[in-house]
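Beneath this line is the structure, given in structure tokens, with notes to follow.
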Amino acid sequence: MRQTKKAILTLEDGTIFEGQSFGFEKPCAGEVVFSTAMTGYPESLTDPSYSGQILVTTYPIIGNYGVPPRNGDANMCAHFESEKIHCEAILCQDYSWEYSHWLADRSLSEWLKEEKVVGVCGIDTRALTKRLRESGSMLGKIVIEGCDNIDFKDPNKENLVAKTSCKEIIEYGEGSKTVVLVDCGVKFNIIRCLVERGVKVVRVPWNYDFNTLQYDGLFISNGPGNPDFAEETVINLRKAIEGNKPICGICMGNQLLSKAAGAKIYKLKYGHRSHNQPVREVGSNRCFITSQNHGFAVDNKTLGADWEPLFINMNDDTNEGIRHKTKPFFSAQFHPEACSGPTDTEFIFDKFIELL
Amino acid sequence: MKKENIKKVLLLGSGALKIGEAGEFDYSGSQALKALKEESIETILINPNIATVQTSDGIADKIYFLPVTPYFVEKVIAKERPQGILLAFGGQTALNCGVELHKQGILEKYSVEVLGTPVQAIMDTEDRELFVNKLDEIDVKTIKSEAVSSVADAVNAANALGYPVIVRAAYALGGLGSGFCDTEAELTTLVEKALSFSPQVLIEKSLKGWKEVEYEVVRDCYDNCITVCNMENFDPLGIHTGESIVVAPSQTLSNDDYHLLRELAIKIIRHIGIVGECNVQYAYDPKSMDYRVIEVNARLSRSSALASKATGYPLAFVAAKLGLGYGLFDLKNSVTKVTSAFFEPALDYIVCKIPRWDLGKFHGVNREIGSSMKSVGEVMAIGRTFEEVIQKGLRMIGQGMHGFIENKPLNVADIDKALKEPTDKRIFVIENAFRAGYSVDKIHDLTKIDKWFLQKLKNIADTAIELEQINDLAKVPVALLRQAKSQGFSDFQIARAVLKSDMNDAANANLLVRNLRKGYGILPVVKQIDTLAAEYPAQTNYLYLTYNGTENDVTYLHDHRSIVVLGSGAYRIGSSVEFDWCSVNALLTVKKEGWRSVMINYNPETVSTDYDMCDRLYFDELTFERVMDIIELEQPHGVILSTGGQIPNNLATRLDAQNVNILGTSAKCIDNAEDRHKFSSMLDSLGIDQPRWRELTSLKDINDFVDEVGYPVLVRPSYVLSGAAMNVCSNDEELEKFLKLAANVSKQHPVVVSSFIQNAKEIEWDAVAQNGEIKLYAISEHIEFAGVHSGDATIQFPPQKLYVETIRRIKKISGQIAKALNISGPFNIQYLAKNNDIKVIECNLRASRSFPFVSKVLKINFIDLATKVMLGIPVEKPNKNAFDLDYVGIKASQFSFSRLQGADPVLGVDMSSTGEVGCLGENTSEALLKSMLSVGYKIPEKNILLSTGDAKQKASMLDAARKLYEKGYSLYATGGTHAYLNDNGVPAIRVYWPSESDKQPQALDMLHRKQIDMVVNIPKNLSSAELTNGYKIRRAAIDLNIPLITNARLASAFIDAFCDMTLDEIEIKSWGEY
């Protein structure tokens, strides 16, 4: 039998799940969230939106295809969504100690250890998920045999946007048009999707006053945690929507644009984290399968008079995007850049580029 | 929104079960009919498969038991005038028929709208050249191939591509006539055969060793698309997907891989213009992101049935609704009832499909598996690790294996070769290889199976080796025991690993492990399949058990108000859709009578495993261990064992020993009927006759017994070395050869020898009794004489040619047996009758294969009545009798010899048919003609080749031959038959056997030139010697798709039928009109 260390997950309601460690051995704490995606653990782990969270994968078998190499250039690695793993821990039922994929150069376990991130397997992730579904997302902590204990920690009480955003301006790509990308914890694939379409991307920190820059279009990225911490971005956006230059947002970007448009944001019971969220374009028969990762949502009823919902979630009728009734401003709560997940809504980037 | 003009819809079924087209289409057709019914649309079904659920009362409004061919479908259309037709739910049979109806302008003539995918889109996917061009238009890569229609062109194409190449026949079921060729000689043989089935053959570059991945895609008429499921083959490209072990979801694809192929699948379905469901198969390079599209099936398929079961997404139901004009956004997820049907299921488990082969039933068949399908059924295992599902699945297959490991040793002479050239046993060769010290890398090199899968298998082997270090169950560490269970080890496997040769009593050893682990608290948990991986609660109870979890999803009331019905497991030769019909009907009655219905079954091709057929579906094993696990959780009122065929029946004694309440006939009585010795002495004490038999353990005893009873004898070894399990031997030489080659005779492995009675009638008795009193019965007669397995025989009900005296005696004997065994529930007895001399051959205290047939012909549901009996409800004898019927039902068998390369297509005591049909008619001829046409026979046009066996058989065929001659047929006959016919005034033209190669005309040449429309070839003796003249003729007829009959009685009856009446005279009457 393989000798592994025992790892105990304790939820804030006192529930205990026992498993084995396959990652870095240290105690950790965060908000426990589940994702029902069946592929894409390297992308999810490097997605800044998971910052501060303990990720539970409902798909039971993880690690099958190992981890791809850190190819790419100084500003962007080829196969990841950011430079590092952002979540506090990953929890699954069955970890594949041996992996198999032509692209992989190490196992998930090795990668977690390198990045000092906790991994636990042998957990009944379905039972855990049901608990989160019934009680809502909860705080949790993981203690590994022989390690110290730790206190619960609520990541929604800190400014995770500031933590994950870039600290200075970085430029990508070439093109006659310039897009300012406000980095609230951006996923690399948003940058890739824009650059591929022949524009110059200027990635700025979350609280940078982009109104001082010359640009053809404004893009607000995804990001982790509570949007209330990004008030500075909202203030900058309020200025921008007085103008007429195209604006697009994704995920956190949708929430911040909505806030700028006067809407209220609320926390979902257990969020949307999956590759199979159905959304419908309002007023049409067009439906899309989307990749999602968010815990907060826009309250449709509170949108300003000039604004309207653009997409609606077909399962629970929550907001999935907004648009301005007359100006070229729109955003999506889901992830058109996918990575991981379905690529059906990549046309959002085309729409944005057309407007420039 | 819904099309308002559609009020009446015709659905085409798939006919008899055959290799490549099996029970999955009963499931998809039933779902589609359910969807239409919900819309208050009148439904008409054409399907001659009488044993299916879809051809039952209340599923379709009208049912026609007629061949699914353009001729009959047109007749039904003319009579019924439906506004719409569904072509996608009856497999390749329905699709091909639909394309033909379209081409002949019949659909247009009667203004019938094809609902769902348009016919043009079907043709674009079926014709390889159109298909490749279509995908070229959107820059999607296909396997480059050349369409040829002659052998010479095929050779040129192959030379240009370079060997190895793959040959594919267009418009063919499950890869029929397809295969790999390494040389020009191989190519020539295969192409010639393929061209006899299909006008066009494709020659392609082989991509052996690539991964094979499938996506099930759905599109509505608003262009909304979803991929419901993706699946990955364990076996790499080169092995037909129907022959592969398949897992869902894919395991070795990264996010980029997964979504590359998903995106392509959606691009393809949009471009082709599917409305409904289709399946896209890919070859995927294991070393890059290169891919090829292998094929697109523009219809519900075996894979879509599997995907439905794997995910809980009802593909056929949704596809039917989309055909009516609904958008996906109009429909709800049938599991959660609140979320949208426009979504892609998220699985929080893994499923594994494993094919079931029955190659051992055939003489001469090639056991290698490859690009054409030979398996007859499949199982699906659900769990939360790959180790768990593969082990569960290998047990489910039901061929004596206990999982991946701890099986009866398999003798593999050359492991490398057996890994490289896969047979139906390859997975077990991998186990041997691990034992022999092969590394994962080496096995990968030989098999090209992805190392991920191999590593998981190695984990199982490692655990077994660790267990084997221990010799005492009490000393097995708890953690190791838990690990073994979470890797799918059964209690038996653990017992065998630890106890080794000390394990004398397997059943007891099982219980030892069971009690041990229960003491440690190692118990399986019940999980629900909910389509959304626990994101939303499920409203249905689609369940499985796993050791990879700590909490049950369902709560148990323990009010003893549920009834557990055990299903029939994998379809196999001898047990298929008929037992699913029985199981489903038992569930329906259980529910109707106010009990909660619980089903245990694991066959993804069935209706009984549809989660809305019962209150709780456990998609899990039917082993003693698992059934006990479920019974302990469920604490039911009782268990029904008698509607699922032999698998549940075999559990009777062991369940009884655990005090499980077995409903109906007691376990002791079941044992008295199953145990040959007990049953025989009971018959003796009742004064009921049976063929003489004896269980013998040495060659000398066998010879002595044969001296006593005389030849021929039926020999049934308990340990089979190779080939079929039973054989008839007519002389010393045959007996010696069979016992030497095929069987192992010893004290441990006795052989049962019985006297074989020739030229006797075989009669089926199907009945229901209550407390030993018969309440309902049906007597059917075989058209063939005894000696053809009852599952292969052509059966007529009500009997038309039995003496009243025979019937009276059979009723009396059956009554005595029912009383002696105190039967409560369904049972079946097989009789031999010669003059009015009646002998019992076999008695089963369970429903038999013919229950749906007699129920539907008599229009009284035997299972409904039997279930009521088992629930303890007093029942009355129905006030109806077979003698009141003014019509006849005939059940004919479907053979799949064309798929079983090399198999001798001759019928014998062991069953070889894969399916059946049942048709009704005013008289024997009409019913027989309909059923023979339904299983693929054609009325011959001109030339018939006869070789009619020994003297007796020649004589019995004489009238039929004369009739043919008088009808203007040209008769061709081999030597003996030719002489006999001419001597008796029937002119025939002499043709020569392959062994008379210097003479002309050669029978084989005439077959190859398609100059013969039907072959009647009656083997001379009852043992099937291989490589004889007769074999070559029979095999050629099969390979060249020429109708072949090998039984004199059936041949005569068929010839009578088509000489007595023409196609035109066949009445087009629905079931209800009889």
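So that the names make sense, note that chain A is the first sequence line, chain B the second, and so on, each numbered from 1.
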[X] versus [Y], closest heavy-atom pair with distance:
| X | Y | result |
| --- | --- | --- |
| A:Tyr65 | B:Asn255 | OH-N, 3.8 Å |
| A:Asp316 | B:Tyr536 | CB-OH, 3.7 Å |
| B:Ala534 | A:Thr129 | CB-CG2, 3.7 Å |
| B:Pro345 | A:Asn276 | C-ND2, 4.1 Å |
| B:Pro249 | A:Met38 | CG-SD, 3.8 Å |

Please determine, by modelled atom types, if [X] and [Y] share a side-chain donor-acceptor pair under 3.5 angstrom.
| X | Y | value |
| --- | --- | --- |
| B:Asp450 | A:Ser100 | yes |
| B:Glu344 | A:Gln277 | no |
| B:Trp452 | A:Ser96 | yes |
| A:His79 | B:Asp256 | no |

Given heavy-atom pairs under 4.5 angstrom as the criterion, report whether the side chain, backbone, both or neither of [X] touches chain A.
| X | answer |
| --- | --- |
| B:Arg384 | both |
| B:Asp553 | both |
| B:Tyr258 | side chain |
| B:Gln528 | both |
| B:Glu551 | both |
| B:Lys458 | neither |
| B:Glu535 | both |
| B:Pro537 | both |

Exercise for the section: Determine, stepwise, if the pair B:Asp348 / A:Thr125 fulfils side chain to side chain contact (heavy atoms under 4.5 Å, CB included). Expected result: CA-CA 9 Å; B:Asp348 57 3; A:Thr125 46; over 6 Å; no
[atom1]-[atom2] distance between [X] and [Y], expressed to the nearest 0.5 angstrom:
| X | Y | atom1 | atom2 | value |
| --- | --- | --- | --- | --- |
| B:Phe343 | A:Met314 | CZ | CE | 11.0 Å |
| B:Tyr222 | A:Ser284 | OH | OG | 11.5 Å |
| B:Gln251 | A:Tyr59 | CD | OH | 3.5 Å |
| B:His259 | A:Ser340 | NE2 | OG | 6.5 Å |

Problem - Atom NZ of B:Lys332: over 12 foreign heavy atoms under 6.0 Å - result: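 Correct, the count exceeds 12.
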Problem - Crowding at NZ, A:Lys351 (>12 non-hydrogen neighbours, <6.0 Å) - result: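 Check fails, neighbour count at 12 or below.
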Handout entry: B:Asp462 and A:Arg2 ion-paired at < 4.0 Å
Key =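 Salt bridge between B:Asp462 and A:Arg2, a charged N being under 4.0 Å from a carboxylate O: no.
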Problem - Salt bridge present between A:Lys130 and B:Asp530 (N-O < 4.0 angstrom) - result: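 Looking at B:Asp530 together with A:Lys130, the answer is no, because their closest N to O distance does not fall below 4.0 Å.
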Any heavy-atom pair between the side chains of [Y] and [X] that's under 4.5 Å?
| X | Y | result |
| --- | --- | --- |
| A:His101 | B:Thr252 | no |
| A:Asp344 | B:Arg262 | yes |
| B:Phe342 | A:Ile289 | yes |
| B:Thr550 | A:Glu18 | no |
| B:Lys456 | A:Asn64 | no |

Practice task
Answer yes or no: is there a donor N or O on one side and an acceptor on the other, between the side chain of B:Asn548 and the main chain of A:Asp124, under 3.5 Å?
Solution key: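 Answer holds: no.
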Practice task
Check for a donor-acceptor pair, side chain of B:Gln455 on one end and backbone N or O of A:Tyr99 on the other, with a separation under 3.5 Å.
Solution key: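 Checked: no pair found.
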Check whether [X] gets within reach of chain B through its side chain, its backbone, both or neither, counting any heavy atom under 4.5 Å.
| X | answer |
| --- | --- |
| A:Leu132 | neither |
| A:Asp94 | side chain |
| A:Tyr41 | neither |
| A:Arg126 | both |
| A:Glu98 | both |

Please determine, among [options], the option with the most heavy-atom pairs under 4.5 Å with chain A.
| options | answer |
| --- | --- |
| B:Ile266, B:Ile226, B:Thr227, B:Asp257 | B:Asp257 |
| B:Asp285, B:Leu347, B:Asp223, B:Leu480 | B:Leu347 |
| B:Thr336, B:Leu253, B:Asn552 | B:Leu253 |

Handout entry: Option that, when pairs with chain B are counted at under 4.5 Å, heavy atom only, ranks first among A:Asn285, A:Leu103, A:Ile61, A:Thr57
Key =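 With the most close heavy-atom pairs to chain B, the winner is A:Asn285.
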Exercise for the section: Determine the option with the most heavy-atom pairs under 4.5 angstrom with chain B, choosing from A:Pro68, A:Ala127, A:Gly66, A:Gly122. Expected result: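 The residue among A:Pro68, A:Ala127, A:Gly66, A:Gly122 with the greatest pair count is A:Ala127.
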Exercise for the section: Assess whether side chain to side chain contact (heavy atoms under 4.5 Å, CB included) is satisfied between B:Tyr349 and A:Gln93, documenting all intermediate values. Expected result: CA-CA 10 Å; B:Tyr349 49 87; A:Gln93 171 74 56; over 6 Å; no
Practice task
Cation-pi check, A:Arg280 to B:Phe329: give yes when NZ or CZ is under 6.0 Å from the six-membered ring centre and within 45° of the ring axis, no otherwise.
Solution key: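 That pair qualifies as a cation-pi contact.
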